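First up is the structure itself, then whatever we jot down about it.
Here the structure is a predicted model, which is why all the values come from computation and not from measurement. Each chain gets a letter, A, B and so on, in the order the sequences are listed, and its residues count up from 1. Worth knowing before you read on, the calculation uses all heavy atoms, side chains too, and leaves out hydrogens, waters and symmetry mates.
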Amino acid sequence: MTETGFTEALRDDGPDEPPRGRWRDVWAQFARHGGAVAGGGFLVFVTLAVLVGPLIWTTDPQTLDIRAKNLRPIWTGLWAADASVSWAHPFGTDNLGRDMLAQMIAGGRASLAVGWAAMLLSLVIGTAIGVVAGFFRRLDGVLMRLTDLFLALPILPLLLVAVTLFRQPLRASFGPEGGMFILIVAVIGVTSWMPTARIVRGDVLALKEREFVLAARSLGTTPGRIMLRHLLPNVLSPIMVSATLGLATAIITESALSFLGVGFPSDFPTWGKMLADAVPRMVEYPERVLLPGIAISLTVLGVNYMGDGLRDALDPRIRQR
Amino acid sequence: MLDTSSSSDDAVPVARIDGLRVMFATRRGAIEGVRDVSFDIGAGETVCVVGESGSGKSVSALSLMRLVEFGGGEIAGGRVLFDRGYGAAPVDLAQLDQAAMRAIRGAEIGMIFQEPMTALNPVFTIERQLTEGLRRHERLRRGAARSRALELLREVRIPEPERRLTQYPHELSGGMRQRVVIAMALACSPRLLIADEPTTALDVTIQAEILALIDRLKRERGTAVLFITHDMGVVAEMADRVVVMFRGEKVEEGPVAQIFDDAAHPYTRALLAAVPRLGAMRGTDAPVPMPLVGRDAVSAEPVRGTDTPLLEVRGLTTRFPVRGGLLRRRVAQVHAVEDIGFTLNRGQTLSLVGESGCGKSTAGRSVLRLVEPMRGSVTLDGQDVLAMSGADLRRTRARMQMIFQDPFASLNPQMPLLEQVAEPLRNFSSMGEAEREARVAELFDRVELPRSFMRRYPHELSGGQRQRVAIARALALEPKLIVADEAVSALDVSVQAQVLNLMLELQAELGLSYLFISHDMGVVERVSHKVAVMYLGRIVEIGPRRAVFEDPRHAYTKALMAAVPVADPRARRTRTPSFKPIPSPIHPLGHEPGPAEYAEVGPGHFVMVSDSGY
Amino acid sequence: ERGSDGEVRILYHQAPSILNTYLSSGTKDVQAASLVLEPLARYDETATLVPYLATEVPTLENGGVSEDLTTITWSLRDDILWSDGTPMTAEDVVFSAAFCMSPEGGCSWRSNYDGVADVTAVDEHTVRVTFDAPKPFPYGPFVGAQAPIIQKAQFEDCLGAAAVSCTEENFAPIGTGPFVVTDFRPNDVITFAANENYRDPEKPAFATVTFKGGGDEMAAARAVLETGEYDYAWNTQLAPDVLDQMAQSGEGEIIAAFGTLVERIEMNLTDPSPDLPEGERSTVAHPHPFLTEEPVRRALSMAIDRELLTEVGYGQAGRPTCNLVAAPESFASDNTACLEQDIEGARALLEEAGWTDSDGDGVREKDGERLSLVFQTSTNAVRQDFQALIKQWWSEIGVETELRNIDGSVFFGADPASPDTFQKFYADVEMYANLFDGTDPQSYLARYRCGEEPKPDTQWQGTNINRFCSEEYDALLDELAQTAEPARRQEIAKTLNDMLTADSMVIVPLVHRGRVSAKSNTLGGVVLNVWDSELWNIADWTREEG
Amino acid sequence: MLTYTIRRLILAVPTLIFISFVVFMLLQLAPGDPLAQVPLTVPPEVRAQMREALGLGEPPLVQYGKWLWQLFVLEPQIFVDWATRESWLLGWLPDTALYSGELRVISWQTRSPVLDIVLQRLPQTLWVVGLAYVVGILISLPIGIYSAYRQYSVFDQAGTFVTMVGFSIPPFFTGPLLIVIFSVGLGWLPSIYDTTHRVTDWDSFVVQLRQMIMPVMVLALQITAQFARYMRAATLDNLRQDYVRTARAKGLPEAVVVGVHVVRNSMIPVVTVIALGVPSIFGGAIITETIFKVNGIGQLLITALFANDLPMVMTLTFIFAVLIVVFNLIADVLYGLLDPRIRYD
Ligand SMILES: Nc1ncnc2c1ncn2[C@@H]1O[C@H](COP(=O)(O)OP(=O)(O)OP(=O)(O)O)[C@@H](O)[C@H]1O
Ligand SMILES: Nc1ncnc2c1ncn2[C@@H]1O[C@H](COP(=O)(O)OP(=O)(O)OP(=O)(O)O)[C@@H](O)[C@H]1O
Ligand SMILES: [Mg+2]
Ligand SMILES: [Mg+2]
Ligand code: NI
């Protein structure tokens with residue numbers, strides 16, 4: 001090494017390679033996470049399946065074909081030669097002869113839509129309340145007591161109230177299914193934001209003591225912008241975790257709601273409801289619980305892994321390492 | 001590659017590192033942390049390892065303990081010979097299994113870690129942590145271990161050792177904590193003591209005490225000491241021999257005097273040149289940029305500034321409430337800043353110095369109203385900052401900015417630098433996206449950062465670069481006043497020198513005024529026009545830098561000056577410094593300390609004559 | 001021999017919450033209490049009245065009922081002891097009536113005492129009930145599990161409003177039945193022990209009864225049929241294929257019997273449109289746009305395959321029916337016309353009535369009105385299957401259906417604030433099941449009297465769910481109330497039934513539902529009785545070797 | 001710390017009253033009728049009378065006031081009377097007779113005091129849900145710690161997989177599945193929980209154990225899934241701390257370094273999370289209790305809800321709210337106790 005080599009080294013040294021585009025970077029990091037890619041891939045697959053599925057598999061999920069009831073999935077033929085199977089219904093049919101494949105597709109669409117929407121809603125509420133409570137000391141007490149209140153609220157009466165008060169107007173403007181969708185999403189969202197709020201608040205309490213928040217304040221940044229631009233991106237990781245758990249809870253809660261009769265119309269399939277409906281016959285027709293059960297689990301797992309990967313990818317510190 | 005082989009071959013060294021190579025497996029593949037490093041340490045000898053951050057000092061030390069493995073590293077080559085005494089042949093630690101290592105760790109090699117704040121387990125008492133090693137290695141019973149722990153605490157001169165045993169780490173001050181860590185390392189009377197930057201995070205006063213302590217141990221027990229630091233002042237104070245490291249390699253080794261007087265390697269020379277030495281500015285009035293080896297000659301023009309006042313602070317008092325009781329009423333107050341006053345001229349620098357907790361940061365923040373002062377007046381450009389309403393204040397903030405101590409902490413880790421530097425512009429001007437970007441690019445040029453860095457994130461930069469970004473951000477609105485709160489304390493010496501030069505350069509060009517907060521007397525001497533020494537919330541002495549440094553009047557100022565290690569091995573101190581612990585700044589409600597009274601001892605040089613608590 | 005057969009375990013998927021029949025709120029409580037409390041007479045499995053605590057059933061013939069039909073005189077057995085050993089007297093009987101008739105008491109079975117003017121103890125073993133008007137069917141008071149005798153000594157202080165604070169008494173009434181309560185955990189478990197003072201020294205054969213509540217039909221059936229943990233499960237109403245599958249385990253069997261329960265679709269003759277102002281929806285002020293047309297109603301009925309519904313939903317436990325009063329045999333009309341599904345006929349009928357699908361969207365319309373229905377029912381797996389099937393059939397005849405299911409506690413509740421009760425009927429058609437107690441359908445048929453419809457003025461209380469109104473019908477009802485002669489009564493009842501069903505299709509009966517319960521193979525003596533408590537003859541139950 | 005606790009407790013009172021008021025109003029608004037289970041054969045006039053008898057005619061605010069009075073004045077009196085009369089702790093005190101027979105909080109379904117029923121239900125809920133909680137914790141913590149210690153190992157990956165699947169499968173499926181396998185198929189375990197069973201000797205203990213296994217496992221699966229994730233995250237955090245290196249430098253074996261130093265610190269956040277979950281034990285696990293007929297608090301609540309038993313729902317919800325508030329507080333206090341750095345003033 002030359003003399004100037006050593007003394008030049010006194011200059012700041014940092015990575016020198018030209019920076020890549022931010023999103024390219026995010027993608028590169030994401031792609032490195034095997035689980036994330038698999039999870040994301042599965043989600044894309046499922047989403048595509050439920051969106052374009054009905055175009056390919058045109059059987060109507062609500063059509064009853066009572067003569068073809070209780071058909072087994074086509075693959076049962078592999079080990080039980082005498083099983084009643086039909087290529088017209090590759091996943092079999094239920095006890096009223098509705099096509100399981102079509103129901104899986106339609107049910108997936110409903111479950112995923114409810115799951116995502118409710119999860120997003122609860123995240124938005126939870127994060128907003130958490131950030132505000134953590135940031136403004138004066139609001140903290142009130143907001144945290146509000147959280148307690150919501151934790152203590154009995155969900156079932158709340159639901160019934162919501163259904164009573166809002167079903168008719170929502171039905172009038174969005175149709176029976178659309179209205180119910182909004183109602184369900186709202187109810188699940190409104191009753192499940194509390195853990196997120198608590199976690200986010202905790203993190204914000206710690207974050208706002210960090211110097212960069214003070215720095216932002218000294219730069220004349222308004223509290224709103226501080227929360228939005230500085231605090232929010234830094235609480236992404238706990239939010240991701242909440243999101244994963246939230247999606248699972250939302251999908252399952254939806255099924256519990258239909259179970260209680262406050263959900264979608266009874267002939268409107270969702271994965272959760274298919275699972276619940278199939279439980280009494282799970283010995284004779286295990287596929288009817290397994291299909292929706294596996295679909296829910298894989299979706300949740302997929303979101304979990306994708307969340308992990310996304311969290312890593314979005315954090316510039318991890319991204320570079 | 002230069003090679004200076006060990007000079008003390010007369011006795012069997014306690015430890016000998018031979019061709020050490022450490023690899024880290026990272027996501028980007030294996031990287032070398034340390035490359036072919038060799039040196040040895042004899043009994044009763046202090047070997048100092050110096051070098052920039054990231055040069056492999058800690059990795060070498062951790063390899064000696066075989067702790068690198070737990071950090072994802074691996075000793076890929078070389079030998080680490082350790083003499084276990086009793087005349088037995090030295091063992092190669094690199095080959096030992098972890099079980100055998102456990103018998104050596106703590107018992108025969110003790111280690112003091114870099115961060116006293118985090119090196120102790122926060123949830124266990126001092127006793128528990130101190131006796132753990134004793135009970136394991138020496139199989140002491142509880143009572144015996146306890147008395148041995150007490151002995152150790154006395155040895156490291158901790159006041160009230162009995163009480164300390166039952167306390168938790170956070171209840172001790174940084175200095176005490178570091179002494180506990182030392183006591184822990186010494187517990188089993190190790191033959192080799194590794195001290196990894198034991199004082200970097202501490203005040204000069206505490207630092208002086210700890211250095212004295214380690215030195216005494218070495219002399220009294222004949223312990224071999226491997227001392228890691230990047231502070232040349234400390235090296236001069238402590239070392240028998242010095243090993244200079246650079247980017248994972250050893251570039252030079254030699255006796256301390258030789259290194260300081262006649263460094264062979266250009267890197268060593270550059271490093272030494274970058275150290276602001278106390279006394280270097282003796283006889284001058286105005287700050288001058290530091291001459292740096294290897295850099296284009298910076299203009300050595302002194303920065304004089306003007307004599308028109310920009311900022312006038314009078315009777316500024318800031319107290320923090322201590323709440324208690326059922327209703328969380330104020331029960332007492334922390335008198336963080338108590339009746340301070342000073343005037344800062346345009347284009348000049350006023351430094352606030354003092355020990356940790358004396359209220360420097362609070363003073364700086366009060367001026368910007370980042371904390372609400374209780375009373376007093378702060379006049380910027382003739383406008384009373386304290387009287388302003390929210391909106392006015394926000395607008396005024398455009399004229400006064402702040403640079404924080406930790407460049408990493410003060411930048412949002414999740415935001416690209418462009419955004420961060422553009423933030424004040426976004427807040428105060430109606431510039432368009434493109435215009436803003438152009439302005440940021442200009443600012444990057446201004447602080448000598450490549451424009452390509454605009455799209456990076458803080459962690460992708462080195463410490464010095466980050467601080468430049470912070471400076472760029474502070475400059476974005478072309479403020480008149482910058483409060484620099486320990487703005488260079490966290491940086492490597494060489495980087496620190498560059499940032500200091502940059503700040504001086506900007507001052508000369510833009511006529512900036514700095515309120516410079518630091519506890520590093522060397523730095524303060526280099527940059528300030530005026531100096532205010534703070535103690536317990538008050539300014540005990542204030543005056544032109546030259547007057548205060550060359551003729552300190554207040555007893556506290558004198559003690560502070562004396563505690564600063566001098567980067568000159570011949571000027572070693574011999575006496576053990578002893579400092580009074582700082583009294584508590586917490587007073588009950590209604591306690592009104594008397595006003596600060598000053599006597600003018602020279603032109604513009606005031607010394608507090610009323611009781612300062614010192 | 002009493003107590004020789006050990007324990008019998010009974011499972012009710014709805015748990016009893018109180019053991020005082022008069023304060024009970026549902027069948028489950030009445031049935032649990034029937035182990036302890038007994039009436040003077042009750043119906044057996046063939047719907048004939050048999051005396052219990054009385055020596056015989058009073059009739060006109062034996063002079064127990066007065067010629068003018070206003071009094072009935074019961075003579076009590078003199079060998080009846082309460083479980084605490086004291087004898088039962090006429091005073092207890094008089095008290096029981098007083099208890100239920102006290103206005104603040106909130107007696108659930110008050111209607112059994114309707115029209116009672118006075119109850120007096122003629123002597124220690126004779127009680128006379130006087131009605132304020134001739135009562136052709138005087139077997140309301142003290143007959144059946146819902147009107148048992150309670151002990152005066154025990155409940156004396158619990159009359160009227162004080163009834164609710166008598167927790168101990170309500171939880172462990174002293175009775176004359178085969179068992180006494182040893183432990184009562186509301187909504188959970190009751191344990192009974194054989195009554196030492198029971199009149200038949202040989203009975204009951206079981207020493208103790210464990211009466212568990214909770215869970216669902218599925219689990220209840222499983223516990224009897226598959227795991228054999230329980231001996232008897234009440235109302236194991238499940239899809240027939242599921243039940244059959246379970247029964248194959250060989251632990252137990254399914255028993256079924258038919259009462260008066262009929263699953264039906266009710267047509268709303270008023271307009272439930274949400275566009276109407278609140279308070280006018282589903283009131284007689286606004287007739288329904290198309291359900292008032294008889295051909296439409298008939299077509300809807302014709303499109304339904306009742307055989308298939310029965311097969312899917314009830315199996316052995318149901319029969320397709322065209323009658324509102326499907327039992328007892330003597331009162332059941334012989335309609336069978338509706339049993340045959342006739343999609344083509346239905347289409348033709350609609351076509352003829354002017355309902356055509358002119359715009360080709362699969363839904364018929366006339367004068368801008370589409371044949372589009374909201375079809376509501378309570379949440380229940382079988383009902384949802386029915387809804388799906390019926391929706392399908394109706395779509396085949398060009399009728400569009402929106403399904404809605406509502407939680408039972410709301411649907412069958414009477415909260416006037418809720419838009420979802422079956423009384424409010426904010427839908428075009430709704431499906432549920434109803435029945436009448438005892439064997440006489442008079443009050444049941446009287447529900448459809450003009451003016452009995454739920455409306456805002458009456459807080460939406462009312463029994464005429466369809467808002468049916470026919471002078472002819474009302475006149476016949478009046479006649480029925482005056483008639484005592486059985487043959488004539490039956491004839492009138494059949495006519496009334498036909499007016500509601502076969503003639504007008506205002507009510508579309510679907511399935512005559514039986515009661516299904518599950519019993520263990522080792523349990524003997526079980527006689528399923530749908531006219532009274534299912535546990536009416538528990539004194540005769542025995543353990544048999546499976 | 002003590003004053004902090006007291007202050008929070010004082011603040012809790014208005015909070016709770018407010019919560020109870022909101023819940024009450026919500027229940028008032030909710031459609032549904034306590035008489036829904038009364039057979040349809042009962043005529044409307046009788047229903048109206050029954051409704052009167054339940055006190056439903058009164059204005060809501062009066063009902064609410066009554067409930068408050070009953071719960072906060074009468075019930076404590078009864079408790080004091082009982083304590084001085086029968087409890088072993090205070091039984092020696094002279095008997096008090098504060099309660100003089102006013103109407104207590106009466107359930108509409110059972111016409112009996114709500115609190116008596118709640119007390120009756122507590123044991124089985126605590127046995128089953130509580131045990132599941134304990135089992136869940138005992139399983140999840142080691143899994144979490146080991147997963148973190150061997151991050152990205154096969155064990156860690158498998159742990160993640162299993163816990164996520166465990167979390168995403170609803171108990172209304174796992175419950176019947178277990179019953180079909182273990183009760184119907186194998187006949188090993190009872191499918192119905194016997195709440196009257198008393199443990200007196202070894203055999204009866206075995207019986208109790210057998211009947212608890214399935215509900216406990218179903219619940220524990222979900223609990224394990226959650227806590228294992230928390231524990232793993234907390235341990236990962238702490239493994240990176242400097243004090244771990246210090247501990248190793250002392251020559252401590254890994255078992256002590258991880259098992260004592262790291263775990264003790266990682267437990268701080270986890271313990272508070274655990275404390276926050278405790279109210280749910282008392283709240284019962286509605287679905288699981290119903291499936292196995294445990295008939296605990298959860299089943300009580302759900303039946304009360306379906307029967308629109310307002311006083312019962314109200315009281316249970318209120319108790320639940322109290323627990324939530326109290327355990328929030330306990331979590332905060334525990335945090336302070338476990339972490340000597342935290343001090344509340
Ligand atoms: N766990 C690790 N994984 C990967 N790289 C590491 C790890 N620890 C250290 N390194 C790398 O090894 C090199 C030497 O690091 P080391 O910690 O020894 O520096 P240092 O001289 O102690 O610096 P400082 O003064 O900042 O403490 C650095 O480049 C660093 O990036
Ligand atoms: N927000 C606050 N609330 C209460 N007390 C505070 C607060 N900020 C600072 N203090 C107290 O005020 C005193 C002065 O603190 P300050 O941070 O100004 O010291 P400093 O001189 O900057 O120290 P350092 O060199 O460690 O940064 C200290 O005793 C500190 O504990
Ligand atoms: Mg280091
Ligand atoms: Mg400071
Ligand atoms: Ni049922």
Side-chain angles (χ1 to χ4, degrees), chain C residues 11 15 17-18 20 23 25-27 103-111 161 163-165 167 170-171 183 185-189 191 210 212-216 218-219 222-223 226-227 229-230 249 407-410 412-415 417-421 434-437 443-444 458 461-463, chain D residues 29-54 101 103-104 106-113 116-117 120-121 124 176 179-180 183-184 187 190-192 194-196 289-295 299-300 303-309:
Chain C
L11 188 56
S17 46
I18 195 164
N20 183 341
L23 297 179
S25 57
T27 323
E104 304 92 55
C107 172
S108 327
W109 312 104
R110 177 73 181 71
S111 54
V164 291
S165 43
T167 307
N170 293 336
F171 280 7
D183 183 23
R185 296 167 179 234
N187 289 343
D188 183 13
V189 194
T191 45
T210 301
K212 172 94 180 175
D216 51 28
M218 181 78 200
R222 176 170 283 147
E226 287 195 313
T227 67
E229 287 167 87
Y230 275 74
S249 299
D407 182 60
S409 70
V410 176
F412 294 119
D415 185 353
S418 166
D420 291 331
T421 61
N434 203 349
L435 77 170
F436 55 95
D437 287 324
S443 62
Y444 189 49
T458 58
Q461 307 299 312
T463 52
Chain D
L29 271 179
D33 183 7
L35 305 180
Q37 286 182 359
V38 172
L40 297 181
T41 49
V42 171
E45 321 83 71
V46 177
R47 279 174 185 256
Q49 269 185 17
M50 293 169 73
R51 192 165 280 126
E52 282 305 307
L54 293 177
L103 201 57
R104 299 174 59 185
I106 297 288
S107 152
W108 287 346
Q109 289 177 90
T110 68
R111 319 291 170 102
S112 70
D116 291 356
I117 305 177
Q120 197 177 54
R121 291 300 177 94
Q124 48 258 40
I179 291 183
V180 164
S183 300
V184 178
S191 70
I192 294 177
D194 178 3
T195 46
T196 54
E289 282 190 3
T290 313
I291 291 173
F292 294 98
K293 277 126 323 234
V294 177
N295 292 356
Q299 188 260 4
L300 187 63
T303 47
L305 274 171
F306 279 124
N308 288 288
D309 184 352

Could you walk me through whether C:D188 and D:R121 pass side-chain contact (heavy atoms from CB on, under 4.5 Å), step by step? CA-CA 9 Å; C:D188 183 13; D:R121 291 300 177 94; 3.6 Å; yes

Carefully, step by step, assess D:V180 and C:R222 under the rule side-chain contact (heavy atoms from CB on, under 4.5 Å). CA-CA 9 Å; D:V180 164; C:R222 176 170 283 147; 3.6 Å; yes

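Note that CD of C:E229 is 5.5 Å distant from OG of D:S183, once rounded to the nearest 0.5 Å. Separation of atoms CD (D:Q120) and CG (C:D183) is listed at 7.0 Å; rounding is to 0.5 Å. From D:D116, atom CG reaches atom CZ of C:F171 across 8.5 Å, with rounding to the nearest 0.5 Å. Rounded to the nearest 0.5 angstrom, C:N187 CG and D:L300 CG are separated by 6.5 Å. Rounding to the nearest 0.5 Å places CD1 of D:I117 at 12.0 Å from CZ of C:R185.
Applying the side-chain hydrogen bond (donor to acceptor under 3.5 Å, both in side chains) rule to D:D309 yields the partners D:S107, D:Q109; only residues at least two apart in sequence or on another chain are considered.
In terms of non-hydrogen atom pairs under 4.5 Å with chain D, the most contact-rich of C:T227, C:L23, C:N170 is C:L23. Between chain D and the options C:T463, C:T421, C:V189, heavy-atom pairs under 4.5 Å are most frequent for C:V189.
Residue D:S112 comes nearest to C:T167 through the heavy atom pair CB-CG2, 3.1 Å, listed as atom of the first residue, atom of the second, then distance.
When atom types are taken as modelled, the side chain of D:K293 and the backbone of C:K212 share no donor-acceptor pair closer than 3.5 angstrom.
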